[in-house]
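Heads up: the structure comes next, in structure tokens.
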Amino acid sequence: MAYVINDGCVSCGACAGECPVGAISEGADKFVIDADACLDCGSCAAACPTDSITEA
């Protein structure tokens with residue numbers, strides 16, 4: 001199951017640098033995760049300073 005970024009995201013970008021497959025990109029108002037590319041590794045969630053990334 002892919003991870004998702006909720007509205008608590010402050011667009012800091014910490015998660016994007018941790019994704020081993022580049023599945024995270026900057027969206028209009030927050031970063032977003034491409035569910036088809038996500039490996040479900042959790043690296044992004046561990047890097048998020050606002051705990052805004054959870055399993056879908």
Side-chain angles (χ1 to χ4, degrees):
M1 183 169 290
Y3 280 75
V4 293
I5 301 175
N6 65 41
D7 290 339
C9 176
V10 294
S11 296
C12 68
C15 58
E18 293 299 316
C19 182
V21 294
I24 303 173
S25 61
E26 190 168 4
D29 58 346
K30 63 181 180 180
F31 275 73
V32 293
I33 299 174
D34 178 349
D36 292 331
C38 180
L39 297 177
D40 306 324
C41 68
S43 295
C44 58
C48 181
T50 60
D51 295 324
S52 298
I53 304 175
T54 58
E55 289 183 273

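All values below come from the heavy atoms of this structure, side chains included, with hydrogens, waters and symmetry mates left out.
When all heavy atoms of Cys15 and Ile5 are compared, the pair lying nearest together is SG-CD1, 4.2 Å. The two residues Leu39 and Pro20 have their closest heavy-atom pair at CD1-CG, 4.2 Å. Nearest heavy atom pair, residue Val21 against residue Ala37, reads CG2-O, 3.3 Å. When all heavy atoms of Ala14 and Ala47 are compared, the closest pair comes out as CB-O, 3.8 Å.
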**Item:** Intermediate values then yes/no, side-chain contact (heavy atoms from CB on, under 4.5 Å), Cys9 and Thr50
**Value:** CA-CA 7 Å; Cys9 176; Thr50 60; 5.6 Å; no

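Atoms CZ and CD1, from Phe31 and Ile24 in turn, are 8.5 Å apart once rounded to the nearest 0.5 Å. Distance check, rounded to the nearest 0.5 Å: OH of Tyr3 to OG1 of Thr54 gives 9.0 Å. Atoms OG and CG, from Ser52 and Asn6 in turn, are 4.5 Å apart once rounded to the nearest 0.5 Å.
By the neighbour-count criterion of 12 heavy atoms within 6.0 Å, atom CG of Asp7 is sparsely surrounded, having that number or fewer from other residues, nucleotides or ligands.
With a 4.5 Å cut-off on side-chain heavy atoms, Val4 and Ile33 do not count as touching.
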